[in-house]
Protein chains: 2
Amino acid sequence: MGTAESAVGAPPRPGLRERKKQRTRDALVRAALELIATRGYEGTTVDDIVAAVDVSQRTFFRYFAGKEEVAFFVARLAESRVLDAVRARPPHEAPLEVLRRAVLDSWDGITEAVEQLVPLDLHMRVYRVIESTPALLAAHLRRATELEEELARVIADREGLDVDADPRPRILVAAFGGVVRVAERRWSAGDDCSPEAMRAVMTACLDQVGPALAGNWRTGPSPNRGTET
Amino acid sequence: MGTAESAVGAPPRPGLRERKKQRTRDALVRAALELIATRGYEGTTVDDIVAAVDVSQRTFFRYFAGKEEVAFFVARLAESRVLDAVRARPPHEAPLEVLRRAVLDSWDGITEAVEQLVPLDLHMRVYRVIESTPALLAAHLRRATELEEELARVIADREGLDVDADPRPRILVAAFGGVVRVAERRWSAGDDCSPEAMRAVMTACLDQVGPALAGNWRTGPSPNRGTET
DNA sequence: TGTCAGCTGTCAGTCGCTGACATTAGCTTG
DNA sequence: CAAGCTAATGTCAGCGACTGACAGCTGACA
């Protein structure tokens, strides 16, 4: 010890090789997202992406398993954040509340982390492409269910249940995930792409879970009637 | 009139051309499902399929938009059946009950219709391949959300709501769809592949929607505790 | 400084998929 | 029934995603 890079307390600065890799990966992500946001997903070939960064196609496929993966590079950051937030919730909270608060509370941190990688506006535009491109939407939904599976395990652990014996954790998470997806769609279909708007939409949707599952909508006050467009 | 094919009351027998097309399509579906069930999805090339039916590759792509589509040919029958069943529900039923009864009541009819096309056992094996193949699972989930979108519209119409203004139809359908997916997974993961078993799993999962969303699972009786493996 | 491991590029090849064009085969009309 | 039209099919060429194999280069480390 004593040398600069082995000092404790600070993360050891990675070597030149590692930094180069990081730079190449980031450059590929940025170039890919920019191209996808402007030309669309199908309109963007891998050759286009690698030409913009001036690396070989083979290198691209060494960094990303497929063309899809680069489009979800940013989204995966958000996923792991949410998962961490769920794990950090106090043990006395009810399951549905855990999910709700985890999503809403990790929101700002996610926004910040994303912006550190790519401009937020770019991320928004790419998200719309994902929602409107069948192949990407399919991949997105698959990733979402994988996240749900992990969430179900965490929830089951919290409650001391066996995920495979008791269907309730998976059912709760599935229902929750469905609501989140509805919120995402409403957001991506609207004009206001700001994180605050998204947060509001998400909150509103989560508040509707109870009412939506209530027996009969026609009795009692109908919230949100004619309040939009 | 008076000729055999123009007789009223009976569905006019399609011409030779149409029958040939039907036969080719069915042969492609059967060959494809058989191959996929045994060799897996990625292990089955389009050339393998067309070789088994002795048509050109180009013909395959005139019948199916892609290799995926042939794998979901049977599943799409079931989807349209469920949609019809939902539309046929009496107007006084509550939304959640409509979905529940539509799925359960159309079950036998679907099973019958499927068996008319391919052996039920083959369909089961293919379904497991779908669940375990990322690309197919992704496509399956995308189709499922498209079905959910249509269901949401139907439900909203029943209740006299605007799908785009009131989030509750989509939320309800999303939650319901999530539960159905959990049931599908539990079924495909288990040993018993019979339709009766599937029906039982589906019923059990649907009965858990309320309890799963209830505030705290630890209070009150926990159903299904330790009743399975 | 020299050796070694890891990153990169090149090349060839497979597979899914499509457009263009020629060929065949069913149906229609005189 | 024969000619003519149209729809179905086959053939061919080509693009794009993706992969394995091999070769060259470049940080890392003694």
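Note on naming: letters A, B, ... go to the chains in the order of the sequence lines (proteins, then strands), and numbering restarts at 1 for each one. We use all heavy atoms of the structure for the numbers below, so side chains are in, but hydrogens, waters and symmetry mates are not. Everything numeric in this text was worked out from a predicted model, so none of it was measured.
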Exercise. Test Arg153(B) against Glu149(B) for salt bridge (charged side-chain N to carboxylate O under 4.0 Å, His left out), laying out the working first.
Key: CA-CA 6 Å; Arg153(B) 285 183 201 285; Glu149(B) 176 65 21; 2.9 Å; yes
Quickly work out the [X] [atom1] to [N] [atom2] distance and round it to whole Å.
| X | N | atom1 | atom2 | answer |
| --- | --- | --- | --- | --- |
| Arg39(B) | dC15(C) | CZ | C1' | 15 Å |
| Arg23(B) | dT9(D) | CZ | C1' | 15 Å |
| Ile49(A) | dA17(D) | CD1 | C1' | 11 Å |
| Phe61(A) | dA17(D) | CZ | P | 7 Å |
| Gln22(B) | dA8(D) | CD | C1' | 15 Å |
| Glu68(B) | dG16(C) | CD | C1' | 11 Å |
| Lys67(A) | dC15(D) | NZ | C1' | 12 Å |
| Gln57(A) | dT10(C) | CD | P | 11 Å |

Quiz prompt | Any strand: nucleotide that pairs with dG16(C) via Watson-Crick or wobble, under 3.5 Å | solution = dC15(D)
Practice problem: May I ask you to decide if Glu68(A)'s main-chain N or O and Tyr41(A)'s side chain share a donor-acceptor pair within less than 3.5 Å? | Solution: yes
Quiz item: Is there a donor-acceptor contact under 3.5 Å from the side chain of Asp84(B) to the main chain of Arg81(B)?
Solution: no
Quiz prompt | Residue whose closest nucleotide on DNA chain D lies nearer the 5' end, Thr44(A) versus Thr59(B) | solution = Thr59(B)
Quiz item: Is Asp164(A) salt-bridged to Arg186(B), cutoff N-O under 4.0 Å?
Solution: no
Self-check item: Short side-chain N/O contact from Lys20(A) to OP1 or OP2 of dC7(C), under 4.0 Å
Solution: no
Quiz item: Which of these nucleotides, dA21(D), dC7(C), dG16(C), is closest to any side-chain atom of Arg58(A)?
Solution: dA21(D)
Exercise. On the 0 to 90° scale, with breaks at 30° and 60°, tag the Phe72(B)-His140(B) ring pair as parallel, tilted or perpendicular.
Key: parallel
Self-check item: Quiz item: Arg62(A) side-chain donor-acceptor pair to dG9(C) base, under 3.5 Å
Solution: yes
Exercise. Remember a base hit wins even if backbone is also touched, and classify Ser56(B) as base, sugar-phosphate or nothing at under 4.0 Å, heavy atoms.
Key: base
Exercise. Answer with base, sugar-phosphate or nothing: what part of the nucleic acid does Tyr63(B) contact at a heavy-atom distance below 4.0 Å?
Key: sugar-phosphate
